[in-house]
Structures are given as C-alpha cells and as structure tokens.
Amino acid sequence: MRSSVYFYPTLKETPQEAQIASHRLMVRTGMITQVTSGIYTWLPLGLRVLKKIEQIVREEQDRAGSLEVLMPTIQPAELWERSGRYHDYGKEMLRMKDRHEREMLYGPTAEEVITDIFARFIKSYRDLPKRFYNIQWKFRDEIRPRFGVMRGREFLMKDNYSFDLTMEGAKASYQAMLEAYVRTFARMDLTAIPVRASSGAIGGNLSHEFQILAETGESEIFYDAAYETLDVTTLTLDRLQTLYAAADELHDPKTCPVPQERLKTARGIEVGHVFYFGTKYSVPLGAFVMDSDGKQVPVEMGSYGIGISRLTAAIIEANHDEAGIIWPESVAPFKVGLLNMNVKNEACTKLCDDLYQKLLQAGVEVLYDDRDRGAGAKFADMDLIGLPWQIIIGPRSVDSKQCELKNRRTGEKVELSLEDALKRVSR
RNA sequence: CGGGGUGUAGCGCAGCCUGGUAGCGCGCCUGGUUUGGGUCCAGGAUGUCGGGGGUUCAAAUCCUCUCACCCCGACCA
C-alpha cells in the first residue's frame, strides 16, 4: 500500500480525551476515531489490525472444534423474556421498538439466540457435543465508557457456546476453550493468566477471566507466584483449579490459601472470560435432548468470550514505547514500512518502486511511504505506527545498492543489500 | 447516578476575572527551499466562540436554561 493513496491521519498532538497509552496511540495513528461516547469508527489502519486479531481468534476456535455462525445484532425481547433476563439485565441493555411497536434490543450477548437455535434443531444426545461461536458486534450501554475501545459501548466480541450431555462433557468443553485461549493469546505475543472470577449476570458456578497484566488494567488481581513460572501451553483445568488467582471482587485475604510471601498483586486487562453455567438457559429455553435411556434431559452449557476490539487496545498497552506502537508481527497492520527518503530523486524512487513491487510479489504486506515529506516526519510517522520492520532507502542507496533495515522493537539497524533486505523480511 | 471539569478554525490551546474589531502553534492551500530523525522562508484560506433565552448601546466574556464530551467513584465483557 502506498502512503500517498492510503488514509491514516496521524496526529502530532494527543487529543485531550485520550488518557491511556493505547487510546492515545490508536487516535494518533489514525486507527480509530470517536463517533460518540463509547462508539468508534475503525479507520483503514485500525481495521486491518482488528481483522488480523479476529482471524487468529477464528482459527483457534475452528481448531478447537467449534462451528462458526453469525447471529444478528438485533434480537427480539421475547427471547429474553423466556430466559428471564429481559428485566434482570437492566439499563445496560439498549432497548428499542420497531415500527410495529415490538420490543427489540441490541444484543449484549447471545445465549438466548444460540440456545433457541440448538433447541429447534438438536434433539439427540448423539449430536453432542456441539460448540457454536460467532464474531459479532455487541452493545452494552455502559455507565461510563472510557479508554477508547477498551471499554466501548459497542464492541466486537467472539462468543462461543458449548452444549454437552453431561457435566463431565461440559468440563471437557471448558478445558478445550482454556487451551484455545492460551494458544490464541500466545499467537499475539500476549501472556494472559486465567484467574477465578465471579460469573456476573450470566450466572453459573465455574468461571475464569483471562487477564493481561498491564499498569492501566481496570481490575486488580491477586495470584500465586507459581503463575509466573507456569507453562501455560500444558495447562489443564485440574491443574488450574489447584492454583490461586482471583480478581479483586473475589479475593478475600482471610480465606486466601496462598501464603503472604507468594501472593502477588497486579493490575490486569480482562480480554477473555469463560463460564460453565449448567442448565441455566437450556431449561427455560427448552434445549433438551433425548439420552440413551430415552429420557429428555436439559443440556449442560458454557459460554466463552473474547473481546476482540478490546484486544487491539490491550496489545498496544503491552507493546509500545515513547515513539509509538510496537506491533507483534502476527497482528501488525503491515509487516514492513518502506521509506523513500527523497521522492524527488528519480534514481532513489526507482529503487524504492522496484523493491516495493518485489515485496508485493513476495506476498509481504508493506506500507510504502512515497509521500513528499521530510525524512524526519517519515521516521516519526513510521515509528508511531509501529510496523515491525522498516526498510529505509535514500539517495545514498543509489550508488551503494545498500539500504537500512530497522527492527522497530529492538531499534537495531543494519546496512544490507536490497536483495538481502527483501529476503530478510520475506521469511 | 453522585462529585469534578471542558466546549473558541481540522488538532492542541490563549482570550472570559475587568463586556467594545476573535488570536497563537501545528495542520491545510500557493510559490520557493530542504531531503537520513517532525526543514526553512514568503503569501493565503478556514470560526453558528456547543445550543436556546436573557441583561446591555454592545456578549466568546455577565445571568439563566440546555446539550455534548472528558475525569474520579459506584457498576461491568
């Protein structure tokens, strides 16, 4: 993509409403722009990141044996009256009426819709287990939206719902999701620790939140120091249940089993939440199957959320410096920034254009800064946007046939041939 | 919802106390200059001063109502 035709309105100054690093940087890089409180437009650069995160989440959900569906953003109140949540949910639910005066709502979550679908189509234990997920915009009319997309009112969430015949089956689903989550976050270079949590409005009795440790996290968490040396890739539910980690609302110093010297405290950003809630929805919404004895039994359910739009902000919180964002390669909007130091120098521009074409042919996602701007402005913009690699070509490259390759994270710069730079970023 | 704050050019802000021609920096446009860390020079454009009502000869400024946004808290994926 050429900068001259792309759209990423970068700002030198920080808009006053942006208080935390991720919000500041998302606005300054032109990833998002606010429409009204807690509601944002995703501009091209931000949307690329959002889609990459979404795709990683999707791949890991698929790998875990879940089936993607797409449920609507608007739901009828009637469904929620059946589950009993229409009145319980309170003001956080955005309600509206259609032209026939029927009560509708902008879905804050989708237990009712998916459970109803299950109930209508699945009748036998032989069809279990089943897990359905969808990646869709949700709306919760937060009391106080803040921190940009970290706590927006409209947000993109992956929500997965598991249906099992037995509680043991439900625990296996829960375990599968735990594993999927660990893999998902690891692919974004994030370490998210699962902590015990209250199950809130969704209800149930087994629940973990995935927290990314960050200064600006909204919740305080308490955890066993053993977490710090934990190999999350082999984490099982049983092992997890022996470890102590709790968010502030569940932590009680009097009953905490961890000795003081091993108890750690930190702030965390909740990026995922897993629940087991048994038959809370299957009974009222009629999600019963016939078991092998010919009896109708309600299915055991769980639900599993990942805040995709929030993850964008959380990744930035965990990956930035004074100059700007430092994207992990897996979610970077482009892998490489190509900087033409002097667009009026024809030989220099030809070198850049040629390398740009080769990068495209090699399938490398590249943002080519071909604008007629000062060198300093280009460096500053590129550091701000935080693409993992920068290839810098100037008039001096014309004779030397060398360019500079800079690693945004380490700041390391090396002089090398154009061919070697191409090879280096193509792998 | 309680407490606090802010609305003046696209962005960041000054002006308001003490009423009298609406300003600065960045950005934007034109021309030139510069081109390896936000070049420099000259010229230029851009405002329902959040909105309504009031006081006054005169309101960005005073009074009043209202709207929006932000921060702290309670709440929460």
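Below, chain A is the first sequence line, B the second, and so on; all start at residue 1.
Under the Watson-Crick or G-U wobble criterion, with both distances below 3.5 Å, rA68(B) is paired with rU6(B). Across all strands shown, the partner of rC57(B) is rG20(B), judged by Watson-Crick or G-U wobble contacts whose two distances both fall under 3.5 Å. Of the nucleotides present, none pairs with rG38(B) by Watson-Crick or G-U wobble criteria with both distances under 3.5 Å. With a 3.5 Å ceiling on both atom-pair distances, rU48(B) lacks any Watson-Crick or G-U wobble partner.
Met157(A) comes within 4.0 angstrom of no nucleic acid atom, judged by non-hydrogen atoms across all strands. Gly90(A) comes within 4.0 angstrom of nothing in the nucleic acid, heavy atoms only. As judged by a 4.0 angstrom heavy-atom cut-off over every strand, Ser397(A) is placed among the base-contacting residues. Among the atoms of the strands shown, base atoms are found under 4.0 Å from some heavy atom of Lys406(A). Base contact: Gly394(A) has a heavy atom under 4.0 Å from a base atom. Note on Lys138(A): nothing from the nucleic acid sits closer than 4.0 angstrom, heavy atoms only.
The phosphate of rC76(B) has neither OP1 nor OP2 within less than 4.0 Å of any side-chain N or O from Arg151(A). Here Arg153(A) does not reach the OP1 or OP2 of rC76(B): none of its side-chain N or O atoms lies under 4.0 Å away. Phosphate contact (OP1/OP2 of rG7(B), side-chain N/O of Gln16(A), threshold under 4.0 Å): absent. Arg146(A) has no side-chain polar atom (N or O) that falls below the 4.0 Å cut-off from OP1 or OP2 of rC75(B). Residue Ser37(A) places at least one side-chain N or O under 4.0 Å from the OP1 or OP2 atom of rC70(B). Contact annotation: Thr14(A) does not reach the phosphate of rC11(B) (side-chain N/O to OP1 or OP2, under 4.0 Å).
Gln34(A) places its CD atom 12 Å from the P atom of rC11(B), with the value rounded to the nearest Å. With rounding to whole Å, Met382(A) atom CE is found 14 Å from rG36(B) atom C1'. For the pair Asp383(A) CG and rG38(B) C1', the computed distance is 11 Å after rounding to whole Å. Separating the CG atom of Leu11(A) from the P atom of rG12(B) is a distance of 8 Å, rounded to the nearest angstrom. Remark: C1' of rA77(B) and CD1 of Ile269(A) are 13 Å apart, rounded to the nearest angstrom. Straight-line distance from the CZ atom of Arg28(A) to the C1' atom of rC26(B): 12 Å, rounded to whole Å. Residue Phe277(A) contributes atom CZ, which lies 14 Å from atom C1' of rA77(B) at whole-angstrom precision. Between the CZ atom of Arg144(A) and the P atom of rC1(B) there is a distance of 15 Å, rounded to whole Å.
Rounded to whole Å, the separation between the C1' atoms of rG50(B) and rA60(B) comes to 12 Å. Between rG25(B) and rG43(B), the two P atoms lie 12 Å apart (nearest whole Å). A distance of about 48 Å separates the C1' atoms of rG37(B) and rG19(B), rounded to the whole Å. Across the P atoms, rC13(B) and rG20(B) are found 24 Å apart, a figure rounded to whole Å. On the P atoms, rU55(B) is 15 Å away from rU64(B), given to the nearest whole Å. For the C1' atoms, the distance linking rU21(B) with rC67(B) amounts to 31 Å, nearest Å. Using atom C1' as the reference point in both rC29(B) and rC71(B), the two lie 38 Å apart (nearest Å). Rounded to the nearest Å, the gap between the C1' atom of rG2(B) and that of rA77(B) is 25 Å.
Figure legend: Arg95(A) and Tyr86(A) shown as a cation-pi pair, the cationic atom lying under 6.0 angstrom from the six-membered ring centre and within 45 degrees of its axis.
Taken from CZ in Arg85(A) to NZ in Lys280(A), the straight-line distance is 6.5 Å, to the nearest 0.5 Å. To the nearest 0.5 Å, atoms CD1 (Ile117(A)) and CG (Leu285(A)) are separated by 11.5 Å. Note that the CD atom of Glu415(A) and the CG atom of Leu405(A) stand 10.0 Å from one another [nearest 0.5 Å]. With rounding to the nearest 0.5 angstrom, the CD atom of Glu419(A) is 9.0 Å from the CG atom of Leu416(A).
Toward the 5′ end of RNA chain B lies the nearest nucleotide of Thr10(A), the other residue of the pair Glu154(A) and Thr10(A) mapping further downstream. Ranked by how close their nearest RNA chain B nucleotide is to the 5' end, Pro145(A) and Gln390(A) are led by Gln390(A).
Checking rC72(B), rG12(B), rG38(B) against the side-chain heavy atoms of Phe147(A) singles out rC72(B) as nearest. For Glu142(A), taking side-chain heavy atoms from C-beta onward, the closest of the listed nucleotides rC76(B), rC69(B), rG38(B) is rC76(B). Comparing rC76(B), rG38(B), rG37(B) against the side chain of Asp381(A) picks out rG38(B) as the nearest. Comparing rC71(B), rC1(B), rG36(B) by their closest approach to the side chain of Glu404(A) singles out rG36(B). Set against rA68(B), rG27(B), rA77(B), the side chain of Lys12(A) has rG27(B) as its closest nucleotide. Looking at the side chain of Lys413(A), the nearest of the listed nucleotides rC11(B), rG36(B), rG37(B) is rG37(B).
Within the structure, ring pair (Phe, Tyr, Trp, His ring centres under 6.0 Å) contacts touching residues 306-362 of chain A (residues at least two apart or in different chains) are Tyr6(A)-Phe334(A), Tyr356(A)-Tyr368(A).
In this structure, Phe118(A) has its ring center under 6.0 Å from that of Phe163(A).
The closest side-chain heavy-atom distance from Ile325(A) to Ile385(A) is not below 4.5 Å.
The aromatic ring of Phe379(A) is not stacked on the base of rG36(B), since the criterion of ring centres less than 5.5 Å apart with planes inclined by under 30° is not met.
Partner of Ser162(A) under the side chain to side chain donor-acceptor pair (under 3.5 Å) criterion, chosen from Tyr133(A), Tyr276(A), Tyr304(A): Tyr304(A).
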